[in-house]
Number of protein chains: 2
Amino acid sequence: MHTKNINTHRIEIRDYFMAAISVDCVIFGFDENELKVLLIKSDLKEYKGKPSLLGDIVHPDEDLETAAYRVLRDRTGLENVYMEQVQAFGGINRHPAGRVVTIAFYSLVNIQHSELKTQENELHWHSMKDITDMAFDHKDILDTCYQRLQAKVIDQPVGFNLLPKKFSLRDLQNLYEAILDVKLDRRNFRKKFFAMDYLVDLNEEEKDVRHRPARLYKFNHDKYNLHHKKNLGF
Amino acid sequence: MHTKNINTHRIEIRDYFMAAISVDCVIFGFDENELKVLLIKSDLKEYKGKPSLLGDIVHPDEDLETAAYRVLRDRTGLENVYMEQVQAFGGINRHPAGRVVTIAFYSLVNIQHSELKTQENELHWHSMKDITDMAFDHKDILDTCYQRLQAKVIDQPVGFNLLPKKFSLRDLQNLYEAILDVKLDRRNFRKKFFAMDYLVDLNEEEKDVRHRPARLYKFNHDKYNLHHKKNLGF
DNA sequence: TCAAAAGTGTTAGAGGTACACCCATGG
DNA sequence: CCATGGGTGTACCTCTAACACTTTTGA
């Protein structure tokens, strides 16, 4: 029985086993009507050439979120993006260099605003449906983050973070269809979004399309936090 | 720019900053129609006498879940209980002994089956509504885990784990009312649960109650994973 | 016979789903 | 004028919410 431990008794922390802490960022983007994720090539011999999430060790003076934002900023040039911690992954042999517990985050970025140094280890946007094997346990991390995103967009309007400031309802529907991997009814989709008050009509239209141009909208940030589930399922 | 890191290049892990990894368990129980949580007294001088979650350092040969189950077993004597990882907490100064990143889990146990060594640092079940301040950042961890539990019971039938094998519909409703902190309509509640096929009528009744005895049910584990949201909110 | 909680159905309203036609633009 | 996708309304159905009386037991 371990009745004396770091929560209950004064024990020197250096007497304990120590591990490295890292963060891994699942950076989602949306382009060409597909959900994409930003990956880099791993040079570790165990995973030579396989795609890897963007991550790094957490520094002594950083909390977890700060480290994750640092990774995101260094790789994409983006700040103030939507980010959410998902969970920790701590399998014993998940990293060949030793015990590394990683904390996974996902973030949603406007892919057009990102400024990648793509020559660096082939930093690229990958279509979600093309990703099979990855370095480390990163496929597992990616899958978990993707499921979290799917659950999230159903009850909170976070999807806007993936779109440009001005977008059409078709863009929005394509986004939801891509994230949830379903086909949605156009009329019902529009009805739903107009009923929630998230959309501001910009009185602008698409240009240079060879069909009737769509109206453009922006997201109403003021109403962001007003959407709640109306019933509890009971 | 940190372009060379543990995901992309071979670098010795010992060159990096190391931290201690712990797990903290939010162990929920249900008794006297109240949601309870199992806490212990901290002896650290910084938090002298304040209640603390049950936690411990993760050992070198354990993954995170294994460590959390170990803590749970050592403190309650319980095995095979429902447990879910919630998230990591890694604030820089969250532990006075140094950098300790903790992974929070919550679990749902049948409070009657637990065998506590209650003399050990006053290990006790606390009513959720009586808990104010706690040691470390444990109040924050507890709140986060409680919110996760509330969200979970709404779309999956995990609540059964908190009840004895045989229970009445009143017990079940009391449980949901306690977790969600709402009053529910009795008839609608019964209708809802009978419609899902989770309940098996045991053809038994309560005894020694000074009112009409309630029928007893058990949970149908076979149908556990068949319950899904019927619509996506779209 | 009384107190206490168990058990039971119906109705109105809200929200979800399915579905077809005309409109505006560029080529 | 044609091809392409934009924009719109209605009917049905399911699920939710609100609500009151009778039944069974122990004391």
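Of all the heavy atoms in A:Ala68 and A:Met83, the pair that sits closest is CB-SD, 3.6 Å. For B:Tyr198 against B:Phe160, the heavy-atom pair with the smallest separation is CB-CZ, 4.0 Å.
Taking atom CZ of A:Phe189 as the reference point, atom C1' of D:dG6 lies 14 Å away to the nearest angstrom. When the P atom of D:dG6 is taken as reference, atom CG of A:Asp201 falls 15 Å away, rounded to whole Å. Remark: C1' of C:dG26 and CD of A:Glu206 are 13 Å apart, rounded to the nearest angstrom. Distance A:Gln173 CD to D:dG5 P: 13 Å, rounded to the nearest Å. What separates CG of A:Asp208 from P of C:dT25 is a distance of 13 Å, to the nearest Å. The nearest whole Å value for the distance from the NZ atom in A:Lys207 to the C1' atom in D:dT4 is 20 Å. Going from atom CD of B:Glu177 over to atom C1' of C:dA5 covers 14 Å, rounded to whole Å. A:Leu184 places its CG atom 15 Å from the P atom of C:dC19, with the value rounded to the nearest Å.
Relative to the side chain of B:Arg187, the nucleotides C:dA20, D:dC19, D:dG6 differ in distance, and D:dC19 lies closest. Candidate nucleotides C:dG27, C:dG9, D:dT10 were compared by shortest atom distance to the side chain of A:Arg210, and C:dG27 ranks first. When the nucleotides C:dG7, C:dT17, C:dA5 are ranked by their closest atom to the side chain of A:Lys191, C:dT17 comes out on top. Out of D:dG7, C:dG7, C:dT25, the shortest distance to the side chain of B:Ala214 is found at C:dG7. Picking from D:dT25, D:dG6, C:dG7 the nucleotide with the shortest atom distance to the side chain of A:Arg186 gives D:dG6.
With sequence neighbours excluded, the residues satisfying side-chain contact (heavy atoms from CB on, under 4.5 Å) with B:Glu84 are B:Tyr82, B:Tyr106, B:Arg148, B:Lys152. The salt bridge (Lys or Arg N to Asp or Glu O under 4.0 Å) search around B:Asp201 returns B:Arg215, not counting sequence neighbours.
Close placement of the A:Tyr176 and A:Phe193 rings is indicated, their centers lying within 6.0 Å of each other.
In terms of position on DNA chain C, the residue among B:Arg212 and A:Val209 whose nearest nucleotide sits closer to the 5' end is B:Arg212. Comparing A:Asp185 and A:His211 along DNA chain C, the residue whose closest nucleotide (by nearest heavy atom) sits nearer the 5' end is A:Asp185. Both A:Arg170 and B:Glu205 sit near DNA chain D, but only A:Arg170 has its closest nucleotide nearer the 5' end.
At a threshold of 4.0 angstrom between heavy atoms, the contacts of B:Arg215 are confined to the sugar-phosphate backbone, with no base atom among them.
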